[in-house]
Chemist: 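Mind looking over this structure? Questions follow.
Naming: A, B, ... by sequence-line order, numbering from 1 per chain. None of these values were measured; they are calculated from a predicted model.
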Amino acid sequence: MTKNSEIESLEIFPHQNLSRLSSDFYSNETETLAKKLLGKLIVKNVDGQTLSGMIVETEAYTQDDPASHSFKGIRNSNSMMFQNAGYLYVYTIYGRYFCGNIVSESEGVGAAVLIRGVEPIQGFSLMKENRIITSISKQLKEKDITNGPSKFCAAFNIDKSLNGTNLIESESIYLTQFKEFADSEIVITTRIGVHQGSEKLRRYYVRGNKFVSKQ
DNA sequence: GCCAAGATCCTCT
DNA sequence: GAGGATCTTGGCT
């Protein structure tokens, strides 16, 4: 069995039986939430098809952090970060890509967790199709489908129209329990692509997982 | 209205 | 591993 067919065989994964994450889970302190999100399943229903993937890489952004969009206060573009925990915050980066975040903390506090890497579980072919449509490159390796924040958004067809989606109530996109990782399986390190606050250890990823953007 | 920066991705070497 | 592409957004005048 090839690696590709292993992934295709997961297309029938019964995600419906997994318990959905509640507001209690999202109201964890931001860095704790970033760590706890590893191993959770993100599910997206689109046109009768289901996409799902296990979160394997995250970064925490809080209001006291100069690298965070919320550092300079509330703006039109970042207002979603100041919502209650459990909302989806989507923003445009470098004019052409999107990044998806899960809002944390209470209303009025600008904090969120960026999803940087996801391991495809269900709907791999559709993810690949979505990536090819939005990418310049037409030859993508398996790991290149979701091993980066904007790659994940493209694969799951997440754009700014989903900014402000309530992940606790929405039927089209939500998170469920899936897998637990021991502390020894989780790597905590510095974030990628940030300049101010770059020394902070606020990036979390699953050791050895190939869908992590940078080991 | 203009300008510079940016939580990225992709190609080339 | 390094550098270019590309365009939205916010800050400033």
Chemist: Nearest whole angstrom, please: distance from the C1' of B:dC10 to the CG of A:N147.
Modeler: 12 Å
Chemist: Donor-acceptor pair, A:S150 side chain versus A:F98 backbone, under 3.5 Å?
Modeler: yes
Chemist: Walk me through it: do A:Y87 and A:Y89 pass the test ring-ring contact (aromatic ring centres under 6.0 Å, His included)?
Modeler: CA-CA 6 Å; A:Y87 279 87; A:Y89 166 49; over 10 Å; no
Chemist: As a test of reading the structure: which of B:dC10, C:dT9, B:dG6 is closest to the side chain of A:K160, going by heavy atoms?
Modeler: C:dT9
Chemist: Is there a donor-acceptor contact under 3.5 Å from the side chain of A:T58 to the main chain of A:A34?
Modeler: yes
Chemist: Without decimals, in angstroms, what is the distance between A:H69 NE2 and C:dT8 P?
Modeler: 16 Å
Chemist: Is there a donor and acceptor pair closer than 3.5 Å between the side chain of A:Y94 and the base of C:dA5?
Modeler: no
Chemist: Are OP1 or OP2 of C:dG11 and a side-chain N or O of A:R75 less than 4.0 angstrom apart?
Modeler: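 Affirmative; the distance criterion is met.
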Chemist: Output the rounded distance in Å from CG (A:N163) to P (C:dT8).
Modeler: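 That distance rounds to 16 Å.
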Chemist: Hey, does the side chain of A:R131 come within less than 4.0 Å of B:dC9's phosphate (OP1/OP2), counting only N and O?
Modeler: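 Checking A:R131 against B:dC9: no side-chain N or O falls below 4.0 Å of OP1 or OP2.
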Chemist: Starting from P on B:dT8, measure out to CD1 on A:I115 and report it in whole angstrom.
Modeler: 14 Å
Chemist: By nearest heavy atom, map A:D144 and A:Y89 onto DNA chain B; which one lands nearer the 5' end?
Modeler: A:Y89
Chemist: Between B:dC10, C:dT9, B:dA7, which one does the side chain of A:T92 approach most closely?
Modeler: C:dT9
Chemist: Of all the nucleotides listed (B:dT8, C:dG10, B:dA7), which has the minimum atom distance to the side chain of A:S77?
Modeler: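 Looking only at heavy atoms from C-beta outward on A:S77, the closest nucleotide is C:dG10.
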Chemist: Taking atom P of B:dA7 as reference, at what distance in whole Å does atom CG of A:L114 sit?
Modeler: 10 Å
Chemist: Do side-chain atoms of A:R131 reach the backbone of A:D144 as a donor and acceptor pair under 3.5 angstrom?
Modeler: yes
Chemist: From the set B:dT8, B:dA7, C:dT9, return the single nucleotide nearest to any side-chain atom of A:Y97.
Modeler: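 Closest of the options to the side chain of A:Y97: B:dT8.
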Chemist: Whom does B:dA4 pair with, Watson-Crick or G-U wobble, provided both distances fall under 3.5 Å?
Modeler: C:dT9
Chemist: Answer yes or no for this row: A:Y61 ring on B:dA7 base, centroids under 5.5 Å, planes under 30°.
Modeler: yes
Chemist: Atom CZ of A:R96 and atom C1' of C:dA5: how far apart are they, to the nearest Å?
Modeler: 6 Å
Chemist: What's the CD1-C1' distance between A:I145 and B:dC9, to the nearest Å?
Modeler: 14 Å
Chemist: Just how far, in rounded Å, is C1' of B:dG6 from CD1 of A:I192?
Modeler: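 Value for this atom pair: 16 Å.
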Chemist: A:N45 side chain to A:T50 main-chain N or O, any donor-acceptor pair under 3.5 Å?
Modeler: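 Here the side-chain-to-backbone pair does not exist.
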